[in-house]
There are 2 protein chains.
Amino acid sequence: MKLSSLADYAIVLMGAAARHCGGVRVSAAMLAAETGVPVPTAQKIVSLLTRAGLLRATRGTGGGIQLARPAAAISLADIVEAIEGPIAMAACVDVGRTEGSAQCALEGSCKVQPHWGAVNGAIKSALGQVSLASLSRDHNTTGAAA
Amino acid sequence: MKLSSLADYAIVLMGAAARHCGGVRVSAAMLAAETGVPVPTAQKIVSLLTRAGLLRATRGTGGGIQLARPAAAISLADIVEAIEGPIAMAACVDVGRTEGSAQCALEGSCKVQPHWGAVNGAIKSALGQVSLASLSRDHNTTGAAA
DNA sequence: CCTCAATCGGATCAAATCGTTCCGATTGCG
DNA sequence: CGCAATCGGAACGATTTGATCCGATTGAGG
């Protein structure tokens with residue numbers, strides 16, 4: 001029930017990248033120095049993010065990375081899905097479970113499966129509500145909370 | 001962003017146990033046979049659940065396990081927390097972070113931390129809405145979805 | 001009262017995944 | 001044309017997770 005450190009770092013990294021969005025292209029190492037994330041790890045995360053289409057990478061001297069989409073159009077769900085893969089917590093909630101990899105071994109008896117869909121949707125919604133733009137703003141107690 | 005197999009199995013196991021709640025005490029092996037979960041794994045899960053206070057275990061011949069609380073009073077959040085530990089996805093959202101174990105190394109720069117609280121609360125709420133009693137009912141498309 | 005059987009409980013071991021690190025390919029500039 | 005800086009991918013190690021096994025406890029039966 002906890003997301004991996006990669007995704008956690010990825011969010012911080014993206015938040016830092018959002019601040020340089022309109023500016024010059026920043027390198028992964030520069031972003032790492034800003035956020036405090038280990039340089040090699042930051043590089044890997046940037047690679048993942050770039051492959052997912054969330055970041056735009058420019059190679060060569062003076063190159064760097066920049067947001068491929070506006071900060072308001074990138075949500076935590078996008079980042080998490082880019083790193084952790086599709087958000088499916090029960091393995092039965094996979095988007096395209098066509099061939100089915102052994103499933104739960106008890107497809108019929110599993111009364112929980114239909115409910116997971118709703119829970120999964122709620123979680124994705126919660127993550128989709130928060131965008132990079134929200135992270136830049138001062139934490140004005142976004143949405144009541146608990 | 002996906003919960004471990006233990007928690008997944010635990011929910012199925014609890015759902016099966018809920019059906020025998022008012023009946024006789026069932027053994028962990030019997031529950032495992034019903035749900036299809038590997039017997040040793042089911043035993044371990046039952047131990048975890050019992051230690052968490054969600055299940056009541058009776059030793060000796062003819063013993064077994066039973067729900068310690070009514071099915072309606074047990075939610076998915078309880079089960080998940082019993083297996084996976086407290087629901088904190090960023091490691092900064094820990095309930096009692098007094099001494100702090102190295103934190104994120106960038107406490108001040110982390111603009112994400114306050115937002116995680118809201119997201120975490122939303123997820124816990126989503127998991128808290130579904131109870132064991134809900135799992136017993138036919139999946140009447142609980143809550144719109146998507 | 002003793003023996004036996006069945007059960008939970010914890011400890012152990014292996015596997016998979018995750019996280020970190022390093023090296024190579026590519027590209028722009030001097 | 002050479003160099004330097006950057007991303008990209010691959011390899012290694014560590015940690016956590018998952019499955020298995022054996023021992024302690026308890027009840028029933030003889």
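Within every chain, numbering begins at 1; the chains are lettered A, B, ... in the order of the sequence lines, protein sequences first and strands thereafter.
Here Thr41(B) lies in heavy-atom contact (under 4.0 Å) with a base. Contacts of Ala29(A) with the nucleic acid, taken as non-hydrogen atoms under 4.0 Å apart, are absent.
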Using the 3.5 Å cut-off, write out each protein N or O paired with an N or O of nucleotides 9-12 of chain D and the distance between them.
from   : atom 1 : to       : atom 2 : distance (Å)
dG9(D) : OP2    : Arg51(A) : NH2    : 2.7

Is there any protein nitrogen or oxygen under 3.5 Å from a nitrogen or oxygen in nucleotides 26-30 of chain C, and what are the pairs?
from    : atom 1 : to       : atom 2 : distance (Å)
dT26(C) : O4'    : Arg59(A) : NH2    : 2.7
dG28(C) : N3     : Thr61(A) : OG1    : 3.4

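Partners of Ala32(A) according to the side chain to side chain contact (heavy atoms under 4.5 Å, CB included) rule, which considers only residues two or more places apart in sequence or in another chain, are Val39(A), Ala42(A). Evaluation of the side chain to side chain contact (heavy atoms under 4.5 Å, CB included) rule for Leu6(B) yields Ser4(B), Thr41(B), Ile45(B), Ile83(B) as partners, not counting sequence neighbours. Listed by chain and number, the residues in a side chain to side chain contact (heavy atoms under 4.5 Å, CB included) with Ala57(A) are Thr50(A), Ile65(A) (sequence neighbours excluded).
Nucleotides of DNA chain C nearest to Leu6(A) and Ile65(B) differ in position, and the one nearer the 5' end is that of Ile65(B). When each of Lys2(A) and Gly64(A) is assigned the nucleotide of DNA chain D with its nearest heavy atom, Gly64(A) is the one assigned upstream, toward the 5' end.
A side chain to side chain donor-acceptor pair (under 3.5 Å) check over residues 63-75 of chain B, counting only residues at least two apart or in different chains, returns the pairs Ser75(B)-Asp78(B).
Atom CZ in Arg56(B) sits roughly 15 Å away from atom P in dC8(C) (whole-Å rounding). Atom CG in Leu13(B) sits roughly 12 Å away from atom P in dA19(D) (whole-Å rounding). If you measure from atom CD1 of Ile83(B) to atom P of dA19(D), you get 12 Å, rounded to the nearest angstrom. We find that CD1 of Ile45(B) is positioned 12 Å from C1' of dT17(D), with the value rounded to whole Å. Rounded to whole Å, the distance from CG on Asp8(B) to P on dG18(D) is 10 Å. The distance between atom CG of Leu54(A) and atom P of dC7(D), rounded to the nearest whole Å, is 16 Å. In this structure, Leu3(A) places its CG atom 16 Å from P of dT16(D), rounding to the nearest Å. One can place OH of Tyr9(A) at 9 Å from C1' of dG19(C), the figure rounded to the nearest angstrom.
Within the 3.5 Å criterion, the main-chain N or O of Leu31(B) finds a donor-acceptor partner in the side chain of Thr35(B). A donor-acceptor distance shorter than 3.5 angstrom exists from the side chain of Ser47(A) to the backbone of Gln43(A), with no hydrogens or angles considered. Between the side chain of His115(B) and the main chain of Ser134(A), a donor-acceptor pair closer than 3.5 Å is present. Although no hydrogens or angles enter the test, the distance criterion places no donor-acceptor pair under 3.5 Å between the side chain of Asn120(B) and the main chain of Met89(B). His20(A) places no side-chain N or O within 3.5 Å of a backbone atom of Arg25(A) that could act as its donor or acceptor partner.
The shortest distance between the side-chain N/O atoms of Ser5(A) and the OP1/OP2 oxygens of dC18(C) is not below 4.0 Å.
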